[in-house]
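These notes concern the structure reproduced below.
Each chain gets a letter, A, B and so on, in the order its sequence line appears, and its residues count up from 1. Keep in mind that the numbers below use all heavy atoms, side chains included, and drop hydrogens, waters and symmetry copies.
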Number of protein chains: 2
Amino acid sequence: MSTNFTERTIEYDKLLADFKALLKEKALKFTNQREKILETLYYSQEHLTPEALHQLIKEKYPELNAGIATIYRTLSMLEENDIVSSLSFGAQGKKYELGAKDHHDHMICTKCHEITEFVDEVIETQQHKIADAHGFKMQDHSMQIYGICKKCQENS
Amino acid sequence: MSTNFTERTIEYDKLLADFKALLKEKALKFTNQREKILETLYYSQEHLTPEALHQLIKEKYPELNAGIATIYRTLSMLEENDIVSSLSFGAQGKKYELGAKDHHDHMICTKCHEITEFVDEVIETQQHKIADAHGFKMQDHSMQIYGICKKCQENS
DNA sequence: GTCGCTGCAAAGTCTTTGCAGAGAG
DNA sequence: CTCTCTGCAAAGACTTTGCAGCGAC
């Protein structure tokens with residue numbers, strides 16, 4: 001079968017080391033806030049809104065007293081450097097996830113809003129064919145399937 | 001070849017008649033503003049932001065003096081009734097297009113922001129297979145390919 | 001006439017920015 | 001020490017809502 005769930009392929013230590021290297025290269029600073037944001041994104045196996053991420057960090061590290069502005073600033077910085085990627089999903093706003101994983105697409109439940117990731121080789125290949133056929137130089141792509149997840153179908 | 005551009009398959013008259021029928025069915029009113037919004041969406045072969053749509057209507061029908069709030073209200077109403085669909089594309093906000101056309105996906109130029117539509121049967125079929133394989137009841141889906149369009153490649 | 005629709009302006013969201021002090025290198 | 005980061009609060013962008021008058025039916 002060509003469809004299956006992705007697995008997290010990097011260790012946190014590696015991710016952190018890469019992050020530090022990036023900061024050094026760009027003469028940016030490694031701060032407590034930045035570390036906790038990266039860590040929280042890594043360990044929450046979810047797609048988080050800036051707001052949700054802020055809540056998680058406030059709960060886990062109340063003494064850090066991280067402001068929402070820092071979350072936004074850090075997420076933008078991480079996105080620019082391809083460490084996270086964002087997914088905007090209808091009216092609900094943007095959600096972020098670590099982007100260092102294998103490429104994957106998303107299946108979004110319209111009932112519980114849970115996002116499931118998947119990879120499909122047929123689709124990956126076909127996308128390249130389509131771009132080529134239109135003389136389009138593909139840089140990236142994203143696909144979302146909307147519907148009702150298994151769990152929600154069972155609970156109704 | 002299974003990939004090709006879609007063509008606009010409905011005549012404006014038919015669209016308008018359907019729209020009137022819908023309004024009647026829901027006891028909603030057929031107003032000048034609503035007509036112009038539908039018309040503008042139809043004739044501008046583009047994906048429009050609420051703001052852009054507002055501008056177009058102000059230019060073409062200044063005497064109508066349509067307010068931005070009406071544009072938003074009408075677009076929401078049209079989206080609920082599956083007459084238009086929205087596409088949110090990165091930080092740039094939502095864009096709307098008539099949804100009564102055949103289903104299609106989008107190729108978005110990251111340079112000129114132009115959106116090209118395409119339909120691909122392989123992808124359509126594969127999406128159903130993926131959803132089935134995960135016990136997911138598919139309702140809708142969307143796919144975007146990001147890259148540099150032919151025109152922009154030539155101009156650089 | 002009735003009741004939904006509209007424009008206006010005010011109120012909400014969500015996100016970004018200016019600033020002065022804190023802190024990493 | 002220097003120069004970036006941060007929290008705070010204010011400002012912005014975008015969208016929604018309340019209201020009183022207007023207009024479709």
Spell out, as yes or no, whether a donor-acceptor pair under 3.5 Å connects the side chain of B:Arg34 to the backbone of B:Thr74. no

Between A:His106 and A:His47, what is the ring plane arrangement, given parallel below 30°, perpendicular above 60°, and tilted in between? perpendicular

Nearest-neighbour nucleotide for the B:Arg34 side chain, C:dT6, D:dG23, D:dA9 considered: C:dT6

Compare side-chain N and O positions of A:Arg73 against OP1 and OP2 of C:dT17 and report whether any pair is under 4.0 Å apart. no

Would you mind classifying the nucleic acid contact of A:Ile68 as base, sugar-phosphate or nothing, using non-hydrogen atoms under 4.0 angstrom? nothing

Taking 4.0 Å as the cut-off, does a side-chain nitrogen or oxygen of B:Asn65 come that near to OP1 or OP2 on C:dC8? yes

Distance below 4.0 Å between B:Thr31 side-chain N/O and D:dG23 OP1 or OP2: no

Please determine if a side-chain N or O atom of B:Gln33 lies less than 4.0 Å away from the OP1 or OP2 oxygen of D:dG23. no

So which nucleotide from C:dC5, C:dA24, C:dT16 ends up closest to the side chain of A:Tyr72? C:dT16

Please state whether the base of D:dC14 and the side chain of B:Lys94 form at least one donor-acceptor pair under 3.5 Å? no

Same cluster (ILVMFWY, side-chain, under 4.5 Å), B:Ile148 and B:Phe118: no

Is A:Thr70 close enough to D:dC5 that one of its side-chain N or O atoms is under 4.0 Å from OP1 or OP2 there? no

